[in-house]
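I have placed the structure first, in the form of structure tokens, so that the comments after it can refer back to it.
Because the structure is a prediction, the values reported are computed rather than measured. FYI, the numbering just counts along the sequence from 1.
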Amino acid sequence: MQIYVLGVHTDTGKTHFSAAFCKAFSYDYFKLIQAGMPTDSNFVKTLSPTTHIFESGIFLQTPASPHLAKKLEHLHYKAFDITLPQSKNLLIETAGGLFTPIDETYTMIDYVQRFKRPCFLVAKYYLGVINHILLSLEALKQRQIPILALLLMGEEDILIDEFITSYTGVRIFHLPFFTPQDFEAKSQHLKTQMQEFMQNSSC
């Protein structure tokens, strides 16, 4: 199955989760659009050398919102021209949050709605995250984008988890942020958490 990895905003841990998930479940990796260096693809490859990495859909040198980087670099791509690789088991990491622009017209969630696949939503714990998570889940549901689960990065906060689960009914998994030294252990921990879920989801 092809699965999107979406974030409630930028810097939530999407690439950390992607590396651990690809390692745990032998998925290929594709970065939809990369803005700036070092690349997320290199991060995944460094941690999980056996993961097959496809070339990013669009590469931008400027570490900024893609629509701005596109203008600064005088590029002429259109969002819906980005094609997804032909891979049976593919994790597709988007950039930024759901409404981060891809070009002057469309955002990440517009692309996901057009080329619909199930998704994981990734967030991390901080003041205001409940609001960002609920808004993101609501946007995905309104566009009928299948939500597999919510991934919360960092040390667990049971009170936040309980409220989100009660309010939305969405399944939550956890992944602590990791270093290269403890990546193997953390990816195995993720696999242990999610193995039955993945089997039942036919992913």
Side-chain angles (χ1 to χ4, degrees), residues 1-27 29 31 40 43-44 46-48 51 89 91-100 107-109 112-113 116-203:
M1 180 177 289
Q2 296 191 338
I3 303 171
Y4 287 107
V5 176
L6 309 172
V8 299
H9 69 88
T10 192
D11 194 29
T12 58
K14 295 189 301 296
T15 310
H16 273 74
F17 167 68
S18 295
F21 184 91
C22 287
K23 172 70 174 179
F25 295 101
S26 300
Y27 264 58
Y29 174 84
K31 180 71 175 183
D40 293 336
F43 180 84
V44 173
T46 298
L47 290 171
S48 183
T51 295
N89 293 322
L91 205 63
I92 307 154
E93 183 185 348
T94 59
L98 297 186
F99 290 94
T100 293
T107 67
M108 300 296 160
I109 196 170
V112 174
Q113 184 179 18
K116 197 168 291 184
R117 275 97 168 130
C119 72
F120 290 118
L121 182 66
V122 180
K124 64 181 179 181
Y125 295 101
Y126 58 85
L127 183 64
V129 72
I130 295 175
N131 181 57
H132 293 164
I133 289 170
L134 298 186
L135 286 170
S136 297
L137 290 173
E138 186 66 22
L140 292 168
K141 290 176 180 177
Q142 285 185 358
R143 296 181 184 227
Q144 299 181 335
I145 297 167
I147 304 162
L148 291 172
L150 171 66
L151 268 297
L152 280 169
M153 304 292 296
E155 298 303 318
E156 296 181 36
D157 187 317
I158 294 175
L159 292 180
I160 289 178
D161 292 1
E162 287 179 346
F163 181 84
I164 293 170
T165 301
S166 173
Y167 194 88
T168 68
V170 173
R171 179 76 179 268
I172 294 177
F173 293 100
H174 299 92
L175 179 65
F177 285 102
F178 48 76
T179 64
Q181 290 72 32
D182 63 4
F183 170 70
E184 291 287 339
K186 296 294 173 60
S187 60
Q188 183 58 46
H189 174 68
L190 180 69
K191 184 174 184 177
T192 300
Q193 283 190 80
M194 297 187 68
Q195 197 156 27
E196 183 179 351
F197 171 79
M198 290 294 292
Q199 292 170 351
N200 292 339
S201 298
S202 300
C203 295

Closest non-hydrogen contact found for Ser187 with Ala20 is CB-O, 3.8 Å
So, taking the atom named CG in Leu150 and the one named CD1 in Ile133, what distance separates them when rounded to the nearest 0.5 Å? 5.0 Å
Give a yes or no answer on whether the side chain of Asp182 reaches the backbone of Thr179 with a donor-acceptor pair at less than 3.5 Å. yes
Take Leu151 and Ile172 through the side-chain contact (heavy atoms from CB on, under 4.5 Å) test and state the conclusion after the steps. CA-CA 6 Å; Leu151 268 297; Ile172 294 177; over 6 Å; no
If you measure from the Lys or Arg side-chain nitrogens to the Asp or Glu carboxylate oxygens, is any gap between Lys124 and Asp11 under 4.0 Å? yes
Correct closest heavy-atom pair for Ala19 and Ser48 would be O-CB, 4.4 Å
Answer yes or no: is there a side-chain heavy-atom contact under 4.5 Å between Thr12 and Met153? no
If you round to the nearest 0.5 Å, how far is CZ of Phe99 from OG1 of Thr107? 5.5 Å
Close side-chain approach of Tyr29 to Lys31, heavy-atom, < 4.5 Å: yes
How are the rings of Phe178 and Phe43 set relative to one another: parallel (under 30°), tilted (30 to 60°) or perpendicular (over 60°)? parallel
Distance, nearest 0.5 Å, that separates CG of Leu190 from CZ of Phe183: 9.5 Å
On a heavy-atom basis, which atom in Ile145 and which in Arg117 lie closest, and how many Å separate them? CG2-O, 3.9 Å
Main-chain N/O of Leu6 paired with Glu93 side-chain donor or acceptor, under 3.5 Å: no
Listed partners of Lys23 passing salt bridge (Lys or Arg N to Asp or Glu O under 4.0 Å), at least two apart: Glu184
Partners passing ring pair (Phe, Tyr, Trp, His ring centres under 6.0 Å) against Tyr4 (at least two apart in sequence or in another chain): none
Where do Pro176 and His189 come nearest, in terms of heavy atoms and distance? CD-CD2, 4.4 Å
Taking His132's backbone N and O only, do any of them form a donor-acceptor pair with Ser136's side chain (distance below 3.5 Å, no angle check)? yes
Please determine whether side-chain contact (heavy atoms from CB on, under 4.5 Å) holds for the pair Leu137 and Val170, giving the CA-CA distance in whole Å, both sets of side-chain angles, and the decisive distance to 0.1 Å. CA-CA 9 Å; Leu137 290 173; Val170 173; 4.1 Å; yes
Is it true that Phe21 and Phe120 have ring centroids separated by less than 6.0 Å? yes
Looking at NZ of Lys141 and CG of Leu134, how far apart are the two atoms once the value is rounded to the nearest 0.5 Å? 8.5 Å
Over all heavy atoms of both residues, which pair between Met198 and Tyr27 is shortest? Give the atoms and the distance, please. CE-OH, 4.2 Å
Check the pair Glu162 / Ile158 against side-chain contact (heavy atoms from CB on, under 4.5 Å), numbers first and verdict last. CA-CA 6 Å; Glu162 287 179 346; Ile158 294 175; 3.5 Å; yes
Distance in Å, Leu140 CG paired with Gln142 CD, rounded so as to fall on 0.5 Å steps: 10.0 Å
Could you check whether any side-chain N or O of Asp40 sits under 3.5 Å from a backbone N or O of Thr15, counting only pairs where one atom can act as donor and the other as acceptor? no
Worked check of side-chain contact (heavy atoms from CB on, under 4.5 Å) between Tyr125 and Glu155: CA-CA 8 Å; Tyr125 295 101; Glu155 298 303 318; 5.9 Å; no
Taking the side chain as every heavy atom from C-beta outward, state whether Lys14 and Val122 have any pair of such atoms under 4.5 Å apart. yes
Quick check for you: to the nearest 0.5 Å, what is the distance between Leu175 atom CG and Met194 atom CE? 10.0 Å
Are side-chain heavy atoms of Thr10 and Thr100 found at a separation under 4.5 Å? no
May I ask you to test the Ile3-Ile92 pair for a side-chain heavy-atom distance under 4.5 Å? no
Compare all side-chain heavy atoms of Gln113 with those of Ile109 and state whether any distance is below 4.5 angstrom. no
Is there side-chain contact between Pro180 and Leu47, with heavy atoms separated by less than 4.5 Å? yes
Taking the six-membered ring for Trp, are Tyr126 and His9 ring centroids under 6.0 Å apart? yes
Minimum heavy-atom distance between Gly13 and Phe177, given as atom pair plus value: CA-CE2, 3.8 Å
When you compare the side chain of Cys119 with that of Ile147, does any pair of heavy atoms fall below 4.5 Å? yes
